[in-house]
Student: 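One structure is given below, represented as structure tokens, and several questions about it will come after.
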2 protein chains.
Amino acid sequence: MAVNGVGIRDVARLAGVSITTVSHVLNDTPNTRVSAETRARVREAAAQLGYGPNRAARALRTNRSGLIGLLSEEIATTPHAGRIILGAQDAARAHDLTLVIVNAERESSASAHEDYVQTLIDRQVEAVLYATMYHRRISVPANLRRVPAVLIDATDEDGVVPAVVPDEVGGAVTAVTHLVEAGHRRIGFLNNDDDVPATHERLIGYRQVLHRHGIPIDEHLVRQAPSETLPGYALAREMLAGDDRPTALFCYNDRMAMGAYRAAAELGLDIPRDLSIVGFDNQELIAANLFPGLTTVALPHYEMGEWAVETLVRLLGGEAELPHDGPTRLDCPLVTRGSVAAPQPHRKA
Amino acid sequence: MAVNGVGIRDVARLAGVSITTVSHVLNDTPNTRVSAETRARVREAAAQLGYGPNRAARALRTNRSGLIGLLSEEIATTPHAGRIILGAQDAARAHDLTLVIVNAERESSASAHEDYVQTLIDRQVEAVLYATMYHRRISVPANLRRVPAVLIDATDEDGVVPAVVPDEVGGAVTAVTHLVEAGHRRIGFLNNDDDVPATHERLIGYRQVLHRHGIPIDEHLVRQAPSETLPGYALAREMLAGDDRPTALFCYNDRMAMGAYRAAAELGLDIPRDLSIVGFDNQELIAANLFPGLTTVALPHYEMGEWAVETLVRLLGGEAELPHDGPTRLDCPLVTRGSVAAPQPHRKA
DNA sequence: CTGAAAGCGCTTACAG
DNA sequence: CTGAAAGCGCTTACAG
């Protein structure tokens, strides 16, 4: 029996046809001719009985579980994972697939990660999605190569597993362009100091924009520190102390921006009148709760989750191998709040 | 075929027994006598082949899917949901159950919520967990009553579905007691103004502690506003403006506390020297990124998720109906950071 | 102590 | 255009 106790034979009986026909109609089996009238009768009977197929029976017969696994780091710590899950889920539902989620602890060993993947394989998922907490290059667990898989927010060092990541360069370009268009020419960049793709790529974007607008690059305006509130605060204090301070700050992430807010407050600088700030990440909890709200760049977590499932479905459907010219990059849109304004014409040194 | 293509017959063949025996041994079927020697042979064969049962076949045969559904509001917006998921997942895995998650939009209609539940039922879950984003009294979707279910962070208005919620009174008692023990007697309470259980129960806890320590209640020190940063800021400004200002603030949540930090900064009050603050929620992103770190009360999300699954398992196992003397309340522990100190002996008015 | 056999509810070649 | 039948991989009464 399936959902609520009605099976395919009940539908067949009510419609006055064989279960074969019911199956064909309800699954739209290709190359099967069933009269329009019979189809209608079957559908009506199914609807009337509230019939839904028994998934276990179908899975057993077709050898497809209808499950796809999502292995995600630190589900509980950041809302980022939540948005990946949402995107993946919505896409999964559209294909009548069920998402099974497993949490991975970030600092765990390679063998622990193999175990996470194994958990999913034991649950008979048809494919697995592997999401990291922030954009990283990783070497994937060995057993991940033996199932259809897609990486989210991570790229495979060996370039064999398809991957989707944020367009970091583009995001930085968007942020800095926003500042330039507001009239700023002295724009500081509080960068992360980890050797991760975002660090390098956002710097590239920053430079591109300045170059494109003929603004000379002042190396004093680019500094690096761990991407936390406190280091962000310290960096901002330093950078805002000098005579020729920047009129705007582009921050590697919202937490560093939070530190910059504090530095500005201590120096008596009003945001956005005396200082404009743009962050990165769009962590609602921070960005929306600062005064004024932080204008920042959003990471496309939902979209990456969605893209990953769509790609998996194509993979499972045997559609042409994904082109392997590197990972797919998704747009990072600007979220405008209140932290950017035109620079003051006469600001005091 | 099951995982990696090996089925029960392969194990049977290798062990030189029937598949019946393999099944009995691997499932530890009660009341079945199999010689120790045979058992060992079977287990060894299974291990050697890396055998795992085909879950679809088992589900079909036993009419148990091994799936439990979790319907959670706003998975993508707060890390709270993430911790519920984690707790539920760990417990589910311990019982060899797989968790299937569905996101519910918070403001959606009753019929939308029925649809969410239906999605889960269609996926043939054995039971469902229903989690709200914050402690609420709700009227559960009608179809939720037709499956084994447990509420998380919510109570059923009609008291029929088992539920687990945070011990709000206890959490407030812990917070305010911490302040009293640090030496404070004038403790302000920035409360929420929504008519939700937490609002009322945290106030009860606040009063209890003052009463217990013989501290008279000053109604000027209890104010209500929406539980956001800005209203928290405004309330704190008001309360800290007067002559006889409190030396400590207990805030309904971390966001209001964030507002209080800003008010303190504007008034030149150092935290914790001039003003101690305790929050509620333990939202890492806020609490850990404030200066100094915010001492706050944690909500037992992980534990609620865990408890809910354990309860569901007992329900499915037909164990005694849960006692219906209201929802189960779980502890809200204090997380100490740097925002509490003894009050200054001579503070200026 | 062990095994042969039925059957869970579907899908799918195949026959007509 | 429609249906009878096999079979997916297990579990479980039942027989011996």
Side-chain angles (χ1 to χ4, degrees), chain A residues 1-43 45-46 49-67 96 98 121-124 126, chain B residues 1-43 45-46 49-67 96 122-124 126:
Chain A
M1 280 182 310
V3 190
N4 65 28
V6 359
I8 195 172
R9 4 186 21 123
D10 300 303
V11 179
R13 198 174 308 127
L14 182 59
V17 297
S18 71
I19 62 167
T20 304
T21 299
V22 173
S23 178
H24 284 146
V25 171
L26 264 21
N27 292 314
D28 278 319
T29 315
N31 304 322
T32 301
R33 274 161 300 282
V34 178
S35 71
E37 190 222 353
T38 305
R39 297 192 109 84
R41 262 209 332 279
V42 169
R43 289 190 203 287
L49 297 171
Y51 170 73
N54 180 317
R55 292 183 182 247
R58 173 185 282 175
L60 176 59
R61 181 53 232 248
T62 62
N63 199 25
R64 295 197 46 181
S65 66
L67 261 30
D96 198 26
T98 298
I121 293 177
D122 287 345
R123 277 175 168 57
Q124 258 128 35
E126 297 181 29
Chain B
M1 279 181 311
V3 191
N4 65 29
V6 359
I8 196 172
R9 4 186 18 123
D10 300 302
V11 179
R13 198 175 308 127
L14 182 61
V17 297
S18 71
I19 61 167
T20 303
T21 300
V22 173
S23 177
H24 284 147
V25 171
L26 264 22
N27 292 314
D28 279 317
T29 314
N31 305 324
T32 302
R33 275 161 299 283
V34 178
S35 72
E37 191 221 352
T38 305
R39 297 193 108 83
R41 261 207 337 276
V42 169
R43 289 190 204 286
L49 297 171
Y51 170 74
N54 181 317
R55 293 183 182 247
R58 174 184 284 176
L60 176 58
R61 183 52 231 249
T62 61
N63 200 24
R64 295 198 44 180
S65 66
L67 261 30
D96 198 27
D122 287 344
R123 277 175 168 55
Q124 258 128 35
E126 298 181 29

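In this text the structure is predicted, and so the values were computed from the model without any measurement. Excluded from the calculations below are hydrogen atoms, water molecules and symmetry mates; all remaining heavy atoms, backbone and side chain alike, are included. The sequence lines fix the lettering, A, B, ..., with proteins before strands; numbering per chain opens at 1.
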Student: Where do B:Ser23 and B:Thr29 come nearest, in terms of heavy atoms and distance?
Tutor: O-OG1, 4.1 Å
Student: When the distance from CZ of A:Arg41 to C1' of D:dT2 is rounded to whole Å, what number comes out?
Tutor: 11 Å
Student: For the pair made of CD1 in B:Ile8 and C1' in D:dC10, what is the distance, rounded to whole Å?
Tutor: 6 Å
Student: Would you say D:dC1 has OP1 or OP2 under 4.0 Å from some side-chain N or O of A:Ser35?
Tutor: no
Student: Roughly, in whole Å, what's the span from CG in A:Asp28 to P in C:dT12?
Tutor: 13 Å
Student: Please state how far atom CG in A:Asn54 lies from atom C1' in D:dC10, giving the value in whole angstrom units.
Tutor: 14 Å
Student: Is there a residue in residues 9-19 of chain B whose heavy atoms reach under 4.0 Å of DNA chain C, and which residues are they?
Tutor: B:Val17, B:Ser18
Student: Check the interface with nucleotides 13-16 of chain C: list each N/O to N/O pair with the protein under 3.5 Å, or write none.
Tutor:
none

Student: For residues 18-30 of chain A, which residue pairs qualify under salt bridge (charged side-chain N to carboxylate O under 4.0 Å, His left out), counting only residues two or more places apart or in two chains?
Tutor: A:Asp28-A:Arg39, A:Asp28-A:Arg43
Student: Does OP1 or OP2 of C:dT11 have a side-chain N or O of A:Ser23 closer than 4.0 Å?
Tutor: yes
Student: Starting at the 5' end of DNA chain D, what dot-bracket string do you get if Watson-Crick and G-U pairs under 3.5 Å are bracketed, crossing pairs use [ ], other-strand pairs use | and unpaired bases use dots?
Tutor: |||.||||||||.|||
Student: Quick one: is B:Thr38 getting a side-chain N or O under 4.0 Å of the C:dC1 phosphate, OP1 or OP2?
Tutor: no
Student: Could you tell me which residues satisfy side-chain contact (heavy atoms from CB on, under 4.5 Å) with A:Ile19, sequence neighbours excluded, listed by chain and number?
Tutor: A:Ile8, A:Arg9, A:Ala12
Student: Tell me the interatomic distance from A:Arg64, atom CZ, to C:dC10, atom C1', rounded to whole angstroms.
Tutor: 15 Å
Student: If you pin B:Ala57 and B:Arg39 to their nearest nucleotides in DNA chain C, which one's is more 5'?
Tutor: B:Arg39
Student: For the side chain of A:Arg55 and the backbone of B:Asp122, is there at least one donor-acceptor N/O pair under 3.5 Å apart?
Tutor: yes
Student: Between D:dT2, D:dT12, C:dT11, spot the one nearest the side chain of A:Asn27, thanks.
Tutor: C:dT11
Student: In whole Å, I'd like the distance from the CG atom of A:Asn63 to the C1' atom of D:dC8.
Tutor: 8 Å
Student: Between atom OG1 of A:Thr62 and atom CG of A:Asn27, what is the distance when rounded to the nearest 0.5 Å?
Tutor: 9.5 Å
Student: So, OP1 or OP2 of C:dC10: does either fall under 4.0 Å of a side-chain N or O from A:Thr62?
Tutor: no
Student: Filter on salt bridge (charged side-chain N to carboxylate O under 4.0 Å, His left out), then keep only pairs touching residues 56-65 of chain B, sequence neighbours left out; what's left?
Tutor: B:Arg64-B:Glu126
Student: Which one, D:dT2, C:dT2, C:dC8, comes nearest to the side chain of B:Leu60?
Tutor: C:dC8
Student: Is any side-chain heavy atom of B:Val11 less than 4.5 Å from a side-chain heavy atom of B:Arg41?
Tutor: no
